[in-house]
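The structure is given below, and queries will be raised subsequently.
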Number of protein chains: 2
Amino acid sequence: MKTKAPHDLETAGTRERIVRTASRLMQRQGYEGTGIKQISREAGATLGSVYHFFPGGKQELGTAAVRLGDEEFTELLRESLDAEPDPAKALVALTASLAEGLRESDWLDGCPVTSTVVGTAGSAPGIQRAAAEAFARWRAVVAAKLVAARFAEADAEDLAHTVIATLEGAELASQVARSETPLEAAGRHLARLIASYGGSGHS
Amino acid sequence: MKTKAPHDLETAGTRERIVRTASRLMQRQGYEGTGIKQISREAGATLGSVYHFFPGGKQELGTAAVRLGDEEFTELLRESLDAEPDPAKALVALTASLAEGLRESDWLDGCPVTSTVVGTAGSAPGIQRAAAEAFARWRAVVAAKLVAARFAEADAEDLAHTVIATLEGAELASQVARSETPLEAAGRHLARLIASYGGSGHS
DNA sequence: CGGCGACTAGAACGAACGCTCTATCCAGAG
DNA sequence: CTCTGGATAGAGCGTTCGTTCTAGTCGCCG
């Protein structure tokens, strides 16, 4: 019986509801600021269900929440980069959409990975590892886009570090300042930085 | 009696010990992850003293901790920028020293303001405000340096947004990856971005 | 039908949380 | 000396924390 599909439809329903709720709450309140009871309450699940799906407790749940945020942003990143051949223009569009999302949440929803991982440095190694993997994956997506736009591989990977770091920092700065300006400036400056590597466009 | 100096020497001693301890702990564990009793214990003060100096409770203490982090980084920023006439080179040196500090703490001590403010978005407006003021002050210091290096005022303020955002993001990325690479790349790329504004140097 | 495993349900535990409160200490003013 | 007020000291409040545990529900296989 390899078929786990039948009742997985239901179990995956509860499990996924818990992870999504955990991710959303930790995005706003941080890892330490979010309680398991609050998660189970808002997810419409009970404490028993939470510990059934996450026997590792809060840390395992936090790790799953970070991974969900990882997947969601990876997809957003890919969509933005695929929609526009020029990576510089794509980044400008991406920062604009990040700023829009942030404003629409009344500046509450920053990067889910960042919010969850900050403050767990020495105490929750699983979460640290998941966050490191998320950053690495995002960098790889950006680097692949740059390589596709005829960048040298070394330059692409190098630039990807700064692209991701600047996006993270600008998202945080915009959230704290309650203003789209940091993200907007980051988009423009990343485009300028990329353009400074010779090619003005995509060919 | 305007002279408050005599016993202020002692009272300021305890008060400052509390704030410094709070700042250090919140830098590592976040705002929610740090307890007032832990702060008082590690500061060698009692609960009574904490609430005597900070009748506003944890939020007032957190705000003071953010302001201390603000002052400390403002000073580090000024030192780095004053030591080198070319702002681009100064930023490379700054990222190197940030990376060194991070590595020396075994990747535990990130930006004290960021760690403290993340996760307090909707719940602690005083902390949010103090963090916004910190970012604005740092931006002003960077912008002033750029203006002194013959940048147009509009360009300088615009660039300052991205400089601060990138520094924040790279510090976070370096901490999570436990690697100096993100900060090192950020320094090089910020220097390149600044250099792209015409002047290759300081005159 | 009986039994079994996946899942739900929530009471209960000890510890820690932020905060309030009273008591005490002590230097300096009168 | 007394008196005063800033500072120290810590017991104790009610609440919430993460976690454990037992009981119960449900669908499916034999």
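Below, chains carry the letters A, B, ... as their sequence lines are ordered, and counting in each starts from 1. It should be emphasised that the depicted structure is a prediction, and the values quoted were computed from it without experimental measurement.
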For S40(B), answer base if it contacts any base atom (sugar-phosphate contacts may also be present), sugar-phosphate if it contacts only those atoms, and nothing otherwise; contact means non-hydrogen atoms under 4.0 Å.
->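 The answer is nothing, as S40(B) stays clear of every strand by at least 4.0 Å.
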Kindly point out which of dG18(C), dT20(C), dG10(C) is positioned nearest to the side chain of L47(A)?
-> dG10(C)
Look at atom CD of E72(B) and say whether more than 12 heavy atoms of other residues, nucleotides or ligands are closer to it than 6.0 Å.
-> yes
I36(A) side chain, from C-beta outward: closest of dG18(C), dT19(D), dA7(D) =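 From the listed options, dT19(D) comes nearest.
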Could you state the CZ-P distance from R41(A) to dT16(D), rounded to the nearest angstrom?
->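 Atom-to-atom, R41(A) to dT16(D), this comes out as 9 Å.
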When you match S49(A) and K37(A) each to their closest nucleotide on DNA chain C, which lands nearer the 5' end?
-> S49(A)
R15(B) has an atom CZ; how far is it from atom C1' of dT8(D), in whole Å?
-> 16 Å
Evaluate whether atom CD of E104(A) has more than 12 neighbouring non-hydrogen atoms of other residues, nucleotides or ligands under 6.0 angstrom away.
-> yes
OP1, OP2 of dT8(C) versus side-chain N and O of T14(A): anything below 4.0 Å?
-> yes
Output the single nucleotide from dT8(D), dT8(C), dT19(D) whose closest atom is nearest the side chain of F53(A).
-> dT8(C)
Consider only side-chain N and O atoms of E168(A) and T114(A), and report whether a donor and an acceptor are under 3.5 Å apart.
->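 Yes - a donor-acceptor pair under 3.5 Å links their side chains.
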Using salt bridge (Lys or Arg N to Asp or Glu O under 4.0 Å) as the criterion, point out the one residue from R17(A), R24(A), K37(A) that pairs with E42(A).
->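 In the set R17(A), R24(A), K37(A), the residue that makes a salt bridge (Lys or Arg N to Asp or Glu O under 4.0 Å) with E42(A) is R24(A).
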Measure the distance from CZ on R17(A) to C1' on dT8(C) and round it to the nearest whole Å.
->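 Interatomic distance, CZ of R17(A) to C1' of dT8(C): 11 Å.
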Check the angle between the aromatic planes of F151(A) and Y197(A) and answer parallel, tilted or perpendicular using the 30° and 60° thresholds.
-> tilted
Rounded off to whole Å, could you give me the CD-to-C1' distance for the E60(A) and dT19(D) pair?
-> 14 Å
Nearest-angstrom distance from the residue atom NZ of K58(B) to C1' of dC19(C) =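 Atom NZ in K58(B) sits about 12 Å away from atom C1' in dC19(C).
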Take atom CD1 of I18(B) and atom C1' of dG18(C), then tell me their distance rounded to the nearest Å.
->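 Distance, rounded to whole Å: 15 Å.
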Length of the line joining Q29(B):CD and dA16(C):P, which is rounded to integer Å | 14 Å
For I39(B) and dA16(C), give me the distance from atom CD1 to atom P, rounded to whole Å.
-> 16 Å
Within the structure shown, what part of the strands sits under 4.0 Å from G48(A) by heavy-atom distance: base, sugar-phosphate, or nothing?
-> base
